[in-house]
Trainee: 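Got a structure for you, written out below as structure tokens; questions coming shortly.
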Amino acid sequence: MNTRWTTSSRINGKKLGYIPIGYKLMLTFTIFILLLVFVNFYISHSMYDDTMRKQSRVNIQGTLNQIRDNVAYKVDDIVQTSATLYDDPAFIQSVLRNLSGADNHIRMNNVILPKLESAAKAVGLNLRLSVYFHNQTVYERYRDWDNANNQDFNEQSWDMYHMTRISNEFWYFTLPEEKYNSTMTWRQVEEDERDGRISLIRRIVDMNNPLDIQEVGIMRFSVRLSQLFDSVDYTKLGDGSVLSVLDPFGNVVFTSGSMVEDPDHTSDKVNPYAVIAPNDKKNYLVIEEDLPQKNWKIVAQVPLNIIEQEAKRVRTVLIVICIMCIVLFTYTGYVISRSFSKRIQKLVGVLNAFREGELHKRIAYRGKGEFPQIANALNAMGEDIEALINKVYLTQLQKKEAELEMLQSQINPHFLYNTLSSINQLAKFGETEKLQNMVVQLAQFYRLTLNSGRILIPIALEIEQANAYLDIQKVKYGQRMEVNFDVDTSIWPYETIKLILQPFIENVLKHAWSGDRIHIRIVVKKEGDAILYRIIDDGLGMKQGRIEEIFVSPG
């Protein structure tokens, strides 16, 4: 019959495999803040970028309007000055008369020359007034502008020529048809292009017969481009910008700013749109503004990187602000989540202590919020559970002790009766030596069994008690019973309930004995957290029917 009895005392520890609530709160808060900051940055940057582009266009348009007004003011001055000759009947009639000698001299000194000198000096610009008359009796008077000393003449001047000097010039016979007080044009003629000037060209006409307007002459007011367009300054728009003045044919009259030269030198006019390479047009903002004359326009070409520089600066400021907000909000979230986490961790710690049986743990929160209420409820629950467990545990313990004592009280009288019966037989047959040995072993057995009333005893004493019981039985059975102990030395520090082994050994002798010989092996060892007892014998064993009767429950 093989008998195995196992007792174990196991304490299972389980590590908490979860993310602490503080980290969850912090992670959630951080993700929310990051999304909020990024969305706010994107919307703010997009709105600012769009607003800045619109504002930049408005500012550039305002600058162009100021430039236009400044140029228009100077152009109007020159036009008004030309009107003093165009609308002066006395001057025109004087020019039409064919005079000679003293009369011609008087006409020149008293009418024509003062009128021309007054017109040349009427505008505070470096004007060159040139007039061309059909009347050959009006003698010529002019400077030699091919002379290097006169090319940069820095005073107002006037010259008189005969029409024969320009009658074959392209710019003369391409003048538009005369309309009263509106026919005029701006061109670079004669020495203008060489000297960096431009001229207002206008006819002098006789309007006595409106149905037959007679051309008296041509007047040309030549002005320096740098003076006429001094307000056309690219620096007003920013470095890299280009300001250009275009004539009705799209040719550049004046430009301010860096320009790309014609690589093939095929034209002496530069298209302003050629200033920007075709692949770079998307990098420039182009704005046009018409001049009051309606035949010129001002074109502004502003590189977008000027706008982008401001956008980059604002973007940098926004990024810094966003980073500061992220850091500030993250720190705030960390503090808040840590505060909540500490409170929740205290609750979790108390619950874990309750689970491990430490029901005396308590937690206290100040205030009237949810956490103090939970803490009070948890403390009350711990007190109730501790009281209940103590009551149940004490009751069960007393019950178990009573049952154990009853079992032991049943074992001891039965064992004592059998032993005394054996002693009686030994005395009857006069085997005094065996009798003496059995009495000594019986005394030792009861000394270990009583053990001052203790329930738990060291394992070593339990094995010694079992050995004392076997020694008593060896006196009875002699050489027919052989016992071996296989004890693991690592079990000595542990305790066990007394009289664990004796009932099972007694069971072997009662049910497994064959009447001949029996070998009993007692194994005691530690397996994991359990102390394992094995009582192994080579007796008759239990019949299969009895085993099924015991272990197989009825269907």
Side-chain angles (χ1 to χ4, degrees), residues 75 78-79 81-86 91-92 95-96 98 108 112-113 115-116 119-120 123 125-153 156-207 212-229 245-254 265-270 293 295-296:
V75 170
I78 297 175
V79 171
T81 299
S82 69
T84 61
L85 301 179
Y86 188 88
F91 169 74
I92 294 173
V95 171
L96 287 175
N98 293 320
M108 293 296 296
I112 297 178
L113 294 183
K115 192 67 175 180
L116 295 181
V123 182
L125 300 174
N126 187 328
L127 284 179
R128 292 179 184 175
L129 172 59
S130 301
V131 290
Y132 303 86
F133 296 122
H134 286 281
N135 190 349
Q136 296 291 322
T137 63
V138 178
Y139 55 81
E140 295 182 322
R141 180 178 176 180
Y142 57 87
R143 292 177 184 271
D144 181 11
W145 297 110
D146 290 331
N147 188 337
N149 294 328
N150 291 331
Q151 288 180 6
D152 194 25
F153 192 70
Q156 294 93 343
S157 63
W158 51 269
D159 300 293
M160 290 186 299
Y161 302 94
H162 290 155
M163 286 294 298
T164 54
R165 291 182 176 273
I166 62 171
S167 58
N168 295 325
E169 294 292 336
F170 177 80
W171 64 267
Y172 168 66
F173 61 77
T174 57
L175 289 175
E177 182 181 354
E178 181 65 24
K179 294 182 179 180
Y180 178 73
N181 206 30
S182 63
T183 301
M184 63 189 72
T185 183
W186 287 87
R187 292 184 184 178
Q188 285 186 313
V189 298
E190 302 299 322
E191 77 284 354
D192 283 345
E193 187 172 359
R194 183 199 68 191
D195 295 345
R197 307 176 76 90
I198 192 170
S199 297
L200 170 66
I201 302 172
R202 190 174 186 181
R203 291 187 178 93
I204 302 175
V205 295
D206 181 12
M207 297 295 295
D212 182 21
I213 300 176
Q214 180 182 358
E215 181 182 275
V216 176
I218 299 293
M219 52 181 163
R220 179 170 71 92
F221 290 84
S222 177
V223 62
R224 286 179 179 174
L225 290 171
S226 59
Q227 287 187 325
L228 184 62
F229 301 117
V245 180
L246 276 65
D247 65 12
F249 305 101
N251 297 319
V252 175
V253 177
F254 180 81
H265 302 283
T266 57
S267 175
D268 56 355
K269 300 291 184 182
V270 182
Q293 288 70 26
N295 55 354
W296 285 358

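The first residue of the sequence shown is numbered 1, and numbering continues consecutively from there.
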Trainee: Does the side chain of Val253 come within less than 4.5 Å of Leu246's, by heavy atoms?
Mentor: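 They are not in side-chain contact.
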
Trainee: Do the side chains of Ile201 and Tyr172 get nearer than 4.5 Å, heavy atoms only?
Mentor: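 They are not in contact (no side-chain heavy atoms under 4.5 Å apart), so the answer is no.
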
Trainee: Please determine whether a side-chain nitrogen of the Lys or Arg among Asp195 and Arg128 lies less than 4.0 Å from a carboxylate oxygen of the Asp or Glu.
Mentor: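 Looking at Arg128 together with Asp195, the answer is yes, because their closest N to O distance falls below 4.0 Å.
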
Trainee: Let's go through Ile213 and Met207 carefully: what are the C-alpha distance in whole Å and the side-chain angles of both, what is the deciding distance for side-chain contact (heavy atoms from CB on, under 4.5 Å) to 0.1 Å, and is it a yes or a no?
Mentor: CA-CA 6 Å; Ile213 300 176; Met207 297 295 295; 3.9 Å; yes

Trainee: I'd like to know whether Trp171 forms a side chain to side chain donor-acceptor pair (under 3.5 Å) with Gln188, so could you lay out the CA-CA distance, the side-chain angles of the two residues, the decisive distance to 0.1 Å, and finally the verdict.
Mentor: CA-CA 9 Å; Trp171 64 267; Gln188 285 186 313; over 6 Å; no

Trainee: Applying salt bridge (Lys or Arg N to Asp or Glu O under 4.0 Å) as the test, list every pair that has at least one member in residues 161-183; sequence neighbours left out.
Mentor: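 Residue pairs with at least one partner in residues 161-183: Glu140-Arg165, Glu178-Arg203.
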
Trainee: Atom NZ in Lys115, atom CH2 in Trp158: separation rounded to 0.5 Å?
Mentor: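 Interatomic distance, Lys115 NZ to Trp158 CH2, rounded to 0.5 Å: 14.0 Å.
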
Trainee: For His162 and Thr137, indicate whether the former's side chain and the latter's backbone hold a donor-acceptor pair under 3.5 Å.
Mentor: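 No: the side chain of His162 does not pair with the backbone of Thr137.
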
Trainee: For Ser82, check side chain to side chain donor-acceptor pair (under 3.5 Å) against everything at least two apart and list the hits.
Mentor: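 Ser82 satisfies side chain to side chain donor-acceptor pair (under 3.5 Å) with Arg202 only.
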
Trainee: Check whether Asp206 reaches the backbone of Gln214 with its side chain - one donor and one acceptor, N or O, closer than 3.5 Å.
Mentor: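 Not a single qualifying donor-acceptor pair exists.
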
Trainee: Hey, what do you get for OH (Tyr132) to CG (Asp159), rounding to the nearest 0.5 Å?
Mentor: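 If we round to the nearest 0.5 Å, Tyr132:OH and Asp159:CG are 8.0 Å apart.
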
Trainee: Heavy atoms only: give me the nearest Gln156-Ala120 pair and the separation to one decimal.
Mentor: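 Nearest heavy atoms, Gln156 then Ala120: CG-O, 3.1 Å.
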
Trainee: With sequence neighbours left out, what residues match Ser182 under side chain to side chain donor-acceptor pair (under 3.5 Å)?
Mentor: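 By the side chain to side chain donor-acceptor pair (under 3.5 Å) rule, Ser182 matches no residue at all.
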
Trainee: Provide the closest heavy-atom pair for Ala119 versus Thr81 in the form atom of the first, atom of the second, distance.
Mentor: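 Looks like O-CG2, 3.1 Å.
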
Trainee: First locate atom OG of Ser130, then atom CD of Glu190, and finally report the distance between them rounded to the nearest 0.5 Å.
Mentor: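 Rounded to the nearest 0.5 Å, the OG-CD separation comes to 8.0 Å.
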
Trainee: Hey, are the side chains of Ile166 and Ile218 touching, using non-hydrogen atoms and a 4.5 Å cut-off?
Mentor: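 Counting from C-beta outward, Ile166 and Ile218 do come under 4.5 Å.
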
Trainee: State the CD1-CG distance between Ile112 and Asn135, to the nearest 0.5 angstrom.
Mentor: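 Nearest 0.5 Å value for the CD1-CG distance: 8.0 Å.
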
Trainee: Under the side chain to side chain donor-acceptor pair (under 3.5 Å) test, which residues partner Asn168, sequence neighbours left out?
Mentor: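 None.
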
Trainee: Drop me the distance from Arg220's CZ to Tyr161's OH, to the nearest 0.5 angstrom.
Mentor: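 Rounded to the nearest 0.5 Å, the CZ-OH separation comes out at 7.0 Å.
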
Trainee: Is the backbone N or O of Asn126 less than 3.5 Å from a side-chain atom of Gln227, with the two atoms forming a donor-acceptor pair by type?
Mentor: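 Looks like yes, one N/O pair under 3.5 Å.
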
Trainee: Tell me, please, which residues at least two apart from Tyr139 pass side chain to side chain donor-acceptor pair (under 3.5 Å).
Mentor: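 Side chain to side chain donor-acceptor pair (under 3.5 Å) check on Tyr139 returns nothing, list empty.
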
Trainee: What heavy-atom pair brings Ile204 and Phe133 nearest, and what distance separates the two atoms?
Mentor: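 Closest approach of Ile204 to Phe133, heavy atoms only: CD1-CE2, 4.1 Å.
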
Trainee: Measure the shortest side-chain to side-chain distance between Leu85 and Phe221 over non-hydrogen atoms and say whether it is less than 4.5 angstrom.
Mentor: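 A side-chain contact exists here, since the closest heavy-atom pair is under 4.5 Å.
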
Trainee: Run the side-chain contact (heavy atoms from CB on, under 4.5 Å) check on Val252 and Val245 step by step: do they pass?
Mentor: CA-CA 6 Å; Val252 175; Val245 180; over 6 Å; no

Trainee: Taking it one step at a time, do Leu125 and Ile78 satisfy side-chain contact (heavy atoms from CB on, under 4.5 Å)?
Mentor: CA-CA 9 Å; Leu125 300 174; Ile78 297 175; 4.1 Å; yes

Trainee: Is a side-chain donor-acceptor pair under 3.5 Å present for Arg197 with Ser222?
Mentor: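 On atom types as modelled, these side chains qualify, holding a pair under 3.5 Å.
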
Trainee: Could you walk me through whether Ile198 and Val223 pass the side-chain contact (heavy atoms from CB on, under 4.5 Å) test, one step at a time?
Mentor: CA-CA 6 Å; Ile198 192 170; Val223 62; 4.0 Å; yes

Trainee: Just to verify, what does Phe173 make a side chain to side chain contact (heavy atoms under 4.5 Å, CB included) with, not counting sequence neighbours?
Mentor: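 Result, side chain to side chain contact (heavy atoms under 4.5 Å, CB included) vs Phe173: Phe170.
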
Trainee: Distance check, rounded to the nearest 0.5 Å: Phe91 atom CZ versus Leu96 atom CG?
Mentor: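 Output value for this atom pair is 10.0 Å.
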
Trainee: Is it the case that the ring center of Phe229 lies less than 6.0 angstrom away from the ring center of Trp296?
Mentor: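 When the ring centroids of Trp296 and Phe229 are compared, they turn out to be within the sub-6.0 Å range.
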
Trainee: May I ask you to decide whether Arg187 forms a salt bridge with Asp192, counting only side-chain N to carboxylate O separations under 4.0 Å?
Mentor: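 Salt bridge absent between Arg187 and Asp192.
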
